[in-house]
Amino acid sequence: MMKRYLFYAVGQIFMPFFLVLFFVASIVLLISLSAATQAIKINIFDLLQLFSYAIPNAIFFVIPITFFCACVLGLSRLSYDYELLVFFSLGISPRKILRSFVWISGFVSVVLLVFSLALIPITRSAYTSFANQKKAEVNINIKAGEFGQRLGDWLVYADEANNRHYKGLVLFSSAIENNEIFITAKEGELTNEDGVFSLLLSSGSAYFAKPDEVQKADFAKMRLNSKTEDINLSSYDLIEYWSSAFEGNSSQARRFAQAVLASLFPIASVFLVVLFGVANPRFQRNLSYVYLLVSVAGDFVAMYVLSQNAPLIGTIALPLVWLVGSYVLYRRFIFRRY
């Protein structure tokens, strides 16, 4: 009965906090997606698919902060509504309240570890593969009368353009066998098959410029193929993905440290929930918001600094120091008084 009452008080705060923070994170994601997808052509369904790949990353950073704040504020509300005093008068000690939060904090940390170490790398890989696939499938839109348009190694100009059919084409390239090639054609048609773009030219001339001569070749039909960059769409091994963090890859070690430290924040802060939430409303002011701001900012600043300078050591040291420090404060200010 007590657990249900406590979790009900926490749940009333958790959902509004989570929805607001998730909404803000979603807006930021959509803005970043719009900037990242400027070079590819996608529709609303493709955008939603990319957004779904980015959701786990947004949820991962929202949940630990929201959960910790909801637990502290829910317990604090019960304290300053004099409801915890009723619990204490019935023989329910802060130790029993603490036990109620230990298992759910551990569960949240386990879920966050699954998100950070498995789900987020997988969805990040899916996001990258999907974006690269769209780049390979993109419709090259050659506009009429514009200079500097590129198709693979070729600079392309067209007098007229109508649904992949072009007239008055001029092409130039200096990247084929170190020769400068200049092509003119009356008409052309562009196709895209499995990432290979083909431009079928009709009725034109090709000029091949060498250091000592220029050769000309007239043609009735010519096909130019331009293959895009090879895309790796295969799945990868998570163990192999994270193993580089222990093999000297500093950026991967930083990601690993931040993933683990953020995941362990709920369970490492379980003593702070009772420390900040339990209070005597007759003699203590409600400073739970200040405590939350200082503790969350302190933990994430320490997480950032350690992940940058000593990621692997910090992965073990910060949760232990945070847990032991909060336990000492809990023993001094809560356990002895109540």
Side-chain angles (χ1 to χ4, degrees), residues 14-67 111-146 148-152 154 156 158 161-166 189-199 226-238 241-242 251-252 254-256 258-259 262-263 300:
F14 178 83
M15 287 308 299
F17 261 63
F18 176 80
L19 291 177
V20 170
L21 290 178
F22 181 72
F23 176 77
V24 173
S26 299
I27 297 299
V28 174
L29 281 177
L30 288 174
I31 294 174
S32 62
L33 285 177
S34 63
T37 56
Q38 288 181 350
I40 61 178
K41 185 177 181 180
I42 59 175
N43 54 37
I44 184 64
F45 299 105
D46 295 332
L47 181 62
L48 291 176
Q49 186 172 350
L50 287 174
F51 179 73
S52 67
Y53 292 148
I55 284 179
N57 194 50
I59 292 178
F60 170 71
F61 285 101
V62 168
I63 285 182
I65 298 175
T66 305
F67 174 78
V111 171
L112 290 174
L113 283 172
V114 173
F115 265 76
S116 61
L117 299 181
L119 189 57
I120 290 178
I122 291 174
T123 53
R124 183 180 291 127
S125 174
Y127 173 91
T128 303
S129 297
F130 183 81
N132 289 338
Q133 188 177 32
K134 283 299 176 180
K135 289 179 181 179
E137 295 174 353
V138 67
N139 289 326
I140 299 296
N141 186 20
I142 300 176
K143 298 179 181 179
E146 291 190 9
Q149 301 178 92
R150 183 172 292 275
L151 176 61
W154 294 90
V156 183
N162 182 18
N163 193 23
R164 292 189 178 183
H165 294 274
Y166 309 97
E189 181 179 2
L190 181 65
T191 60
N192 177 10
E193 298 179 0
D194 298 326
V196 178
F197 297 100
S198 297
L199 184 60
S226 178
K227 193 177 188 303
T228 60
E229 182 181 357
D230 291 335
I231 307 300
N232 182 14
L233 301 177
S234 62
S235 60
Y236 59 88
D237 189 350
L238 286 173
Y241 176 80
W242 288 117
S251 61
Q252 193 73 336
R254 183 181 66 252
R255 295 190 193 98
F256 178 80
Q258 292 176 352
S263 300
F300 277 81

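Listed by chain and number, the residues in a ring pair (Phe, Tyr, Trp, His ring centres under 6.0 Å) with Phe67 amount to none (sequence neighbours excluded). Scored by the ring pair (Phe, Tyr, Trp, His ring centres under 6.0 Å) test, Phe18 finds Phe14, Phe22 as partners (sequence neighbours excluded). Qualifying side-chain contact (heavy atoms from CB on, under 4.5 Å) partners for Phe300, counting only residues two or more places apart in sequence or in other chains: Ile65, Val296, Met303.
For the atom pair CZ (Phe115) and CD1 (Ile55), the distance works out to 10.0 Å, reported to the nearest 0.5 Å. Annotation: the span from Phe60 atom CZ to Gln258 atom CD amounts to 9.0 Å, rounded to 0.5 Å. Taken to the nearest 0.5 Å, the OG atom of Ser26 stands 11.0 Å off from the CD1 atom of Ile31. Annotation: the span from Leu21 atom CG to Ile59 atom CD1 amounts to 12.5 Å, rounded to 0.5 Å. The line from OG1 of Thr66 to CE of Met15 is 10.0 Å long, rounded to the nearest 0.5 Å. To the nearest 0.5 Å, atoms CG (Leu47) and CZ (Phe51) are separated by 8.5 Å.
Counting heavy atoms from C-beta outward, Tyr127 and Thr123 have side chains that stay 4.5 Å or more apart. Put simply, the side chain of Leu112 reaches to within 4.5 Å of the side chain of Ile63, judged on heavy atoms.
Gln252 and Arg255 share a donor-acceptor pair across their side chains, judged by distance under 3.5 Å alone. One side chain, Arg124 or Tyr241, offers a donor N or O that lies under 3.5 Å from an acceptor on the other.
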Report the C-alpha separation of Phe130 and Gln49 in whole Å, then their side-chain angles, then the decisive distance to 0.1 Å, and conclude whether the side-chain contact (heavy atoms from CB on, under 4.5 Å) test is met.
CA-CA 9 Å; Phe130 183 81; Gln49 186 172 350; 3.4 Å; yes
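The shortest non-hydrogen separation linking Ile120 to Pro56 is CD1-O, 3.9 Å. The two atoms that bring Leu117 and Leu238 nearest to each other are O-CD2, 3.9 Å, heavy atoms only. Taking each heavy atom of Ala25 and Ala58 in turn, the nearest pair found is CB-CB, 4.0 Å.
Proximity of a side-chain donor or acceptor of Ser125 to a complementary backbone N or O of Pro121 within less than 3.5 Å is not detected.
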